[in-house]
Amino acid sequence: MDSHDSIQYIKGVGPQRARLFEKKGITDLSSLTYFFPIRYEDRRQISKIASARFGVKEVVIGEVSKVSLKNFKGRSLFEVILKDNTGYLSLVWFNFEYAYMVKRFRTGARILAYGDIRSYAGRPQMIHPDIEEFDLEGDDTLNFGRIVPVYSAIEGIPQRVLRKIMKNALDASITTVHDYLPGLIKQKCILSDLNESLYNLHFPSDDVSLDALNTQVSAFHRRIKFDEFFFFEIALALKKQASLKKDGIVFSMPLPGIKSSKMDYIAALDKSLPFTLTDDQGYVIKEIFHDLATGYPMNRLLQGDVGSGKTVVALYAALLAINNGYQAAFMAPTELLAQQHYTTIRALTAGMDITFDLLKGDTKELERRQILTRLSDGSLNLIIGTHALIQPEVKFHNCGLIVIDEQHRFGVVQRMELKKKGNNPHMLIMTATPIPRTLAMTAYGDLDISVIRQMPPHKKPVKTLLFYKTSQRQEIYGILRDEMKKGSQVYVVYPLIEESDALELMAATKMYEELKKVFKEYKVELLHGRVKNNDRDRIMDDFRTGLVNMLVATTVIEVGIDVPNATVMMIEHAERFGLSQLHQLRGRVGRGSEQSLCILYAHSLTVTARKRLGAMVKTSDGFKIAEMDLEIRGPGEMLGIKQSGMPDFKMASIIHDIDILKLAKDTAFDIVNGNIDLEKQDKDMLYRHLYESDKKAISFIEV
Ligand code: ADP
Ligand code: MG
């Protein structure tokens, strides 16, 4: 880093404090000025003790007149008596370190206390007030007589010192920071000035509403939030624009009635399909075929709930590529899933003269080499595989289409690695994690989005039951036994946060041992990430064919597994899973025409957990669940969002600031597309700021 930028040169910092700041990720002037208060205190008025109002937050300044250690209902309590020239106020702490408190509250010290005034035996008292040493020297306009910023604690730097440093930093940045947003944009979007906003966020002027500050909706918050969204959206808009180059492969549609020497695989699939496509499937296939014929490279995200039938849609796209003489690749996140796709595709393309194979991490060396050769010399039409497809040795002859299944399991980078292997191939990205529209709009603004909302007709919603008492375990076992008697197969899912965690694995194994005893008359098997590949394939095959009645498994079965006769799922420790993940798991049952059942068993139930799991019982609509998940857990946590390439916005929230987000998105796309006419120098300034400040956005554009 340029040493002049280093934070230690800011007045009041120095090398020692600079290190403390660094621990918080604050390394330069800019990151310091963007270290915003977590809340604001109203210190415009200092109260006299005698006139402090009960039930109201007040600021009081006084002198420590006495400290004592007391006992209150068996707990020790530290009390400081503060006095001013009108009366006495008791300050009380329950959890404290005695030595520290005694040192901090020397008799005669002048301090400021801020907190709720309560009445204790008719006298005013504050419990766990905020305290600051009060410096009588000088005219302290940063800490008193104003709305005062409170920052998240930085070890070793008291709030007062921090405020002073912040003031110096702001004074320094006023001369160096220039507003990169053109006046036209600020006017159009009603945004305040950058420096004015920064200053007011730290030291608000008296006329700013305290409430607006504390709920982060002041005009100054709005400006910073806008910027966060805006530059991310500019990056997306640029990425989208780059993808609009007409340099994609043009696939032509088979012409009905015209016989060619080659087989028409699309017509063949139409004929061999064992079911009728749903309207949504038909519509999405049309959308995709349209994309593939335009000459622009396709970049499409296909969202569809588990079981909505995305695989066959992707197969249509792959067959069109093959019809046109190109290869297609199908990448899935797990070996189980890749294997399953292989089996499905083999069945659906029986009788067609296309060549395809399966490449996994554990494919034997000799076979692997053969596959790689056939792929690079063009004798394979279609390759299905896992991450193994990204390896450098994998080369295509002419890959024209890439399908990525369950995209949330892959990072943006992996996606692009595969894309690079083709000759600017079309991309179809599929996900069963329904992403709420607003979020999709932000995170995937560069992709076109298709949605399958309809389920195939035979699908009945899964019935979901919630249990949360230890005594209910036997009842649950009773239900499982009844279902197995009727011939159903059962999943029991055990949560492992880390597949590699030995302790957790032991818990799952113990569970399995217990179930084996309880259900002696049935065949019970265990499946987790550490089970060897051969065993895993055998267990899955036995489960598929019905030899195994009960499969105890970790979340390795989460994605895409399709066993229609498995109609019951019990989820242990349901409270540990996120809603979207539960929904994914639940999607493993309800694949056949029988009524299916999902039993959520929570081992402890907090209020939020009850709300979340209650939602699972109430609805089976993946989109509704995703929206609830988003609301409860926030976007960063939501399954699939972490790897989406979307930055963690520091201040802005895509839930609470939707309006700002929309404005930022529209404005950004209008600028990039030339619908808002900016002076060249203004536009340059924007792009320069983007490149200088937003490294993350840039890496996002570049992949
Ligand atoms: P997902 O969208 O979760 O990947 P799949 O593609 O695995 O779903 O499809 C789930 C099951 O539904 C498969 O067994 C598939 O053959 C079947 N299926 C797909 N489309 C239809 C349809 N239109 N009618 C009936 N069954 C269908
Ligand atoms: Mg699938």
Side-chain angles (χ1 to χ4, degrees), residues 269-288 300-319 330-350 358 384-386 402-410 428-435 449-462 489 491 540 543-545 555-567 569 580-594 596 620-623 625-626 639-640:
L269 182 58
D270 280 342
K271 226 188 262 160
S272 72
L273 213 56
F275 45 73
T276 319
L277 294 173
T278 61
D279 290 348
D280 280 3
Q281 283 172 318
Y283 183 77
V284 172
I285 292 171
K286 272 214 197 88
E287 272 183 323
I288 292 172
R300 189 170 283 279
L301 176 70
L302 171 55
Q303 291 190 50
D305 218 337
V306 269
S308 62
K310 296 183 291 296
T311 316
V312 64
V313 170
L315 182 60
Y316 268 98
L319 290 180
F330 217 114
M331 182 160 78
T334 64
E335 310 216 328
L336 278 177
L337 205 55
Q339 175 71 50
Q340 185 178 291
H341 281 320
Y342 179 77
T343 315
T344 308
I345 290 174
R346 190 173 52 196
L348 289 174
T349 59
L358 176 65
I384 300 152
T386 57
I402 284 172
V403 177
I404 296 192
D405 196 18
E406 309 296 349
Q407 67 83 30
H408 61 272
R409 293 295 189 91
F410 297 103
L428 178 64
I429 298 163
M430 307 202 289
T431 180
T433 310
I435 302 165
I449 297 177
S450 294
V451 182
I452 304 182
R453 280 207 89 132
Q454 226 171 3
M455 285 299 191
H458 62 261
K459 293 266 151 70
K460 285 199 194 114
V462 179
Q489 288 165 275
Y491 293 107
M540 266 328 285
F543 191 63
R544 224 174 261 128
T545 54
T555 44
V556 291
I557 60 146
E558 183 188 332
V559 231
I561 298 302
D562 189 16
V563 181
N565 191 47
T567 54
M569 174 175 283
S580 296
Q581 206 180 7
L582 283 174
H583 182 67
Q584 295 272 322
L585 284 169
R586 183 169 62 178
R588 299 306 111 228
V589 293
R591 304 219 128 204
S593 47
E594 293 301 309
S596 292
S620 57
D621 182 333
F623 280 86
I625 289 172
L639 188 72

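Both ligands and their constituent atoms are indexed starting at 1 by order of listing. Position 1 is the first residue of the sequence; numbering continues from there. Every heavy atom of this structure was used, including side-chain atoms; hydrogens, water molecules and symmetry mates were not.
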With rounding to the nearest 0.5 angstrom, report the OG1 to CD distance, T344 to Q339.
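If we round to the nearest 0.5 Å, T344:OG1 and Q339:CD are 10.0 Å apart.
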To the closest 0.5 Å, what do you measure between CD1 (I449) and CG (L302)?
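One finds 10.5 Å between CD1 of I449 and CG of L302.
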Write down the atom of S450, the atom of E287, and the distance for their closest heavy-atom approach.
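Scanning both residues completely, I find the closest heavy atoms to be OG-OE1, 2.6 Å.
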Residue [X] vicinity, atoms of ligand 1 by number, heavy atom under 4.0 Å:
| X | answer |
| --- | --- |
| T278 | 23 (N) |
| L277 | 23 (N) |
| T276 | 22 (C), 23 (N), 24 (N) |
| T311 | 4 (O), 5 (P), 6 (O), 7 (O) |

Beyond-backbone contact of L348 with P274, side-chain heavy atoms, under 4.5 angstrom:
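Yes - at least one pair of side-chain heavy atoms lies under 4.5 Å apart.
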Side-chain heavy-atom pair D305, H583 within 4.5 angstrom cut-off:
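Yes, at least one pair of side-chain atoms sits under 4.5 Å.
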Q454 side chain to T278 main-chain N or O, any donor-acceptor pair under 3.5 Å?
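Not at all, since once roles are kept as given, no pair shorter than 3.5 Å links the two residues.
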Pairs of nitrogen or oxygen atoms closer than 3.5 Å, one from [X] and one from ligand 1: do any exist?
| X | value |
| --- | --- |
| K310 | yes |
| G309 | yes |
| G307 | yes |

Within less than 4.0 angstrom of ligand 1, does D305 place any heavy atom?
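Distance cut 4.0 Å: D305 passes for ligand 1.
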Run the contact test for S308 against ligand 1 with a 4.0 Å cut-off on heavy atoms, strictly below, and give the result.
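Yes, S308 has heavy atoms under 4.0 Å from ligand 1.
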Taking only residues two or more places apart in sequence, or in another chain, which ones meet Y342 in a ring-ring contact (aromatic ring centres under 6.0 Å, His included)?
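ring-ring contact (aromatic ring centres under 6.0 Å, His included) list for Y342, sorted by chain: F356.
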For ligand 1, does M430 get within less than 4.0 Å through its side chain, its backbone, both, or neither, judged by non-hydrogen atoms?
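No part of M430 comes within reach of ligand 1.
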